[in-house]
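Heavy atoms only: backbone and side chains are in, while hydrogens, waters and symmetry mates are out.
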Amino acid sequence: MAENKILIHIGAESHKDLYKKFAHKIIDVLRQQMNNKDLSFEFKQVENEIESKRPLTNAEKYKKLSEHNPALEALRKKFNLDIKNNN
């Protein structure tokens, strides 16, 4: 049953190994404290935000900044500035 599972989001397979190393100790305490002998861990691998971060291009930086401050677009147009897509 889903109510007996504890879902743990992990960013890398090595994290899963680390959790599994200590899982039996943790799950024993949780089972006792929650009075539920059917508790178990379930792991779901998710994209690791740190690893997925790459440097933004100038165009991406500008887009992000202009979303927060629309006046930047007015300045860009007023001074006829071109946003190049290189870093």
Side-chain angles (χ1 to χ4, degrees):
M1 290 186 136
E3 63 266 5
N4 294 326
K5 292 191 186 269
I6 299 170
L7 180 62
I8 299 176
H9 292 170
I10 58 171
E13 194 65 29
S14 60
H15 297 161
K16 183 177 179 180
D17 295 337
L18 183 62
Y19 278 107
K20 283 188 171 187
K21 181 177 180 180
F22 298 104
H24 67 281
K25 292 178 183 179
I26 296 168
I27 203 76
D28 287 345
V29 171
L30 289 173
R31 284 175 178 163
Q32 184 179 16
Q33 292 292 320
M34 298 177 78
N35 196 25
N36 184 342
K37 302 295 180 197
D38 296 326
L39 284 179
S40 64
F41 286 130
E42 183 176 308
F43 299 95
K44 179 179 179 184
Q45 189 160 356
V46 294
E47 182 178 337
N48 190 338
E49 289 182 23
I50 295 171
E51 291 175 9
S52 68
K53 298 263 182 187
R54 61 169 174 71
L56 297 176
T57 65
N58 288 339
E60 290 169 330
K61 289 176 194 175
Y62 172 76
K63 181 179 177 190
K64 254 186 160 9
L65 289 172
S66 65
E67 286 172 357
H68 292 288
N69 188 353
L72 287 175
E73 180 63 15
L75 286 172
R76 186 190 68 76
K77 286 180 180 178
K78 181 176 182 175
F79 292 105
N80 197 27
L81 299 173
D82 184 27
I83 307 299
K84 298 192 185 219
N85 206 11
N86 57 4
N87 280 337

Spacing of CD1 belonging to I10 relative to OH belonging to Y19, to within rounding of 0.5 Å:
8.5 Å
Looking at NZ of K64 and CD of E60, how far apart are the two atoms once the value is rounded to the nearest 0.5 Å?
9.0 Å
Could you tell me whether a side-chain N or O of E73 sits under 3.5 Å from a main-chain N or O of P70, the two making a donor and an acceptor?
no
Residues clustered with L75, ILVMFWY side-chain links under 4.5 angstrom:
F79, L81
What residues, two or more places apart in sequence or in another chain, satisfy salt bridge (Lys or Arg N to Asp or Glu O under 4.0 Å) together with R31?
none
When clusters are formed by joining ILVMFWY residues with side-chain heavy atoms under 4.5 Å apart, either directly or through shared neighbours, do L30 and F22 land in the same one?
yes
I'd like a table of donor-acceptor pairs (distance under 3.5 Å, sequence neighbours excluded) in which one partner is a side-chain atom from residues 32-45, with atom names and distances.
{"from": "N36", "atom 1": "OD1", "to": "D38", "atom 2": "N", "distance (Å)": "2.9"}
{"from": "N36", "atom 1": "ND2", "to": "N4", "atom 2": "OD1", "distance (Å)": "2.9"}

Taking only residues two or more places apart in sequence, or in another chain, which ones meet L72 in a side-chain contact (heavy atoms from CB on, under 4.5 Å)?
Y62, L65, S66, N69
